[in-house]
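Computation of the quantities below employed the complete heavy-atom set of this structure, encompassing side-chain atoms and omitting hydrogens, waters and symmetry-equivalent molecules. In the text below, chain A, chain B and the rest are named by the order of the sequence lines, each starting its count at 1.
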Amino acid sequence: LSRYSYKVMSVPNLTMIGAVTILAVFGTYSVQNSFDDVIIMFSLGTLMFIGRKFGFSPAPVVLGIVLGPIAEDNFLRGKLIAETDVGMWSYFFSGTANIIIIALCVASIAYSIYGEVRAHQKARKKSGKILEEVKAFRTERGRSA
Amino acid sequence: MRREIILSSIILAAVIAIYASLSLFEEPGAAIFPRVIIITMAILSGILLMRSIILGKAGITATMEFRVRPFLTCFVLIIIYIFFLERIGFYVSSFLFFLAVTFILGAIRVDLRKTVYRVTSSAVFMGVLYLLFNTLLKVQTPKGILF
């Protein structure tokens with residue numbers, strides 16, 4: 001069957017737009033038989049389409065929708081345990097595993113910022129060098145003329 | 001002012017507005033998780049704003065071509081489709097939506113052959129959907145006055 005799967009590529013774009021929209025609406029509705037989900041899907045789809053124009057990736061939003069309820073349930077469970085135990089701060093911000101995970105999160109954000117700033121500085125240095133070379137070439141040509 | 005700075009400022013303003021609306025929660029315990037998420041979002045959007053200011057033009061860049069007219073046409077068509085979905089039923093509205101997309105966004109000249117092809121492909125697609133999901137898998141679809 002995979003031999004013929006490439007034929008999907010020859011389907012006209014307009015047919016694909018219609019088919020994908022209908023399947024997306026159908027799939028979203030059939031999960032909980034809820035029309036609100038269809039409206040959420042459409043709103044987020046439109047927002048993310050516009051967001052991509054500004055360089056925002058839709059993947060974190062999808063992850064947020066999928067993992068959000070799981071995170072909320074577990075956070076509230078943790079909060080209930082913490083309130084009867086050692087308190088919220090000590091429960092969430094102490095212990096080896098917690099500190100390692102928090103440190104990894106902070107490090108990943110800090111590293112991405114550091115990487116971008118470094119790449120930006122490199123690009124500025126490079127463009128400065130090119131400008132200097134162009135200036136030097138022009139002055140040399142002016143002298144020889 | 002740069003586009004990225006405006007965008008990150010809007011996100012920051014939205015986060016602050018949402019945070020202010022948390023006082024409307026009748027049960028204070030219910031606002032804890034949203035508050036944690038909003039504070040995290042505020043920190044991250046602050047970082048985004050700083051990044052936009054420091055990096056300037058090298059910050060966020062457009063990744064795709066954006067054509068306004070087809071986008072708006074699609075947007076309006078989908079809104080009309082969703083509006084009629086629960087009123088006239090899933091299968092009829094989907095069939096009409098499929099036809100509308102191919103006719104409105106499609107070629108300017110419409111001849112008989114193309115029209116027959118488009119109507120047939122829409123009907124076949126909806127027929128396959130009906131057989132697969134309604135008859136075989138018994139999945140619920142939005143029911144309206146027609147089908």
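Applying the 6.0 Å contact sphere to CZ of B/F84 captures no more than 12 heavy atoms from other residues, nucleotides or ligands.
Smallest separation of non-hydrogen atoms from B/T141 and A/Y29: C-CE2, 3.7 Å. Of all heavy-atom pairs between B/F90 and A/I22, the closest is CZ-CG2, 3.8 Å. The two residues A/G18 and B/V101 come nearest to each other via the heavy atoms N-CG1, 4.2 Å.
For a residue to count as touching a neighbouring chain, one of its non-hydrogen atoms must lie under 4.5 Å from one of that chain's; by this rule B/L44 touches chain A with the side chain only. For a residue to count as touching a neighbouring chain, one of its non-hydrogen atoms must lie under 4.5 Å from one of that chain's; by this rule B/S121 does not touch chain A. Using a 4.5 Å cut-off between heavy atoms, A/I113 contacts chain B through its side chain alone, with no backbone atom that close. Of the two parts of B/L77, neither the backbone nor the side chain holds a non-hydrogen atom closer than 4.5 Å to a non-hydrogen atom of chain A. Within the 4.5 angstrom heavy-atom criterion, only side-chain atoms of B/F97, from C-beta onward, approach chain A. When heavy atoms are compared at a cutoff of 4.5 Å, B/F125 approaches chain A solely by way of its side chain, counted from C-beta outward. Looking at B/L99, there are no atoms closer than 4.5 Å to chain A (heavy atoms on both sides), in backbone or side chain.
Distance check, rounded to the nearest 0.5 Å: OG of A/S112 to CD1 of B/I47 gives 8.0 Å.
Note: the hydrophobic cluster containing A/I102 also contains B/I37 (ILVMFWY, side chain heavy atoms under 4.5 Å, direct or indirect links). Transitive grouping of hydrophobic side chains (ILVMFWY, heavy atoms separated by less than 4.5 Å) keeps B/Y117 and B/V119 in distinct clusters. Under the 4.5 Å side-chain heavy-atom criterion for ILVMFWY residues, a single connected hydrophobic cluster contains both A/F35 and B/I78. Each of A/L47 and A/V61 belongs to its own hydrophobic cluster when Ile, Leu, Val, Met, Phe, Trp and Tyr are linked at side-chain heavy-atom distances under 4.5 angstrom. Note: the hydrophobic cluster containing A/L14 also contains B/I80 (ILVMFWY, side chain heavy atoms under 4.5 Å, direct or indirect links).
In terms of the side-chain contact (heavy atoms from CB on, under 4.5 Å) criterion, A/S127 has no residue partners (sequence neighbours excluded).
Side-chain contact between A/T21 and B/F98 is absent, with no heavy-atom pair separated by less than 4.5 Å.
Identified by a heavy-atom distance below 4.5 Å to chain B, the contributing residues of residues 63-93 of chain A are A/G68, A/A71, A/E72, A/F75, A/K79, in residue-number order.
For the options A/I109, A/T15, A/N13, A/V38, heavy-atom pairs under 4.5 Å to chain B are most numerous at A/T15.
Ring pair B/F71/A/F49 is parallel by interplanar angle, where below 30° counts as parallel and above 60° as perpendicular.
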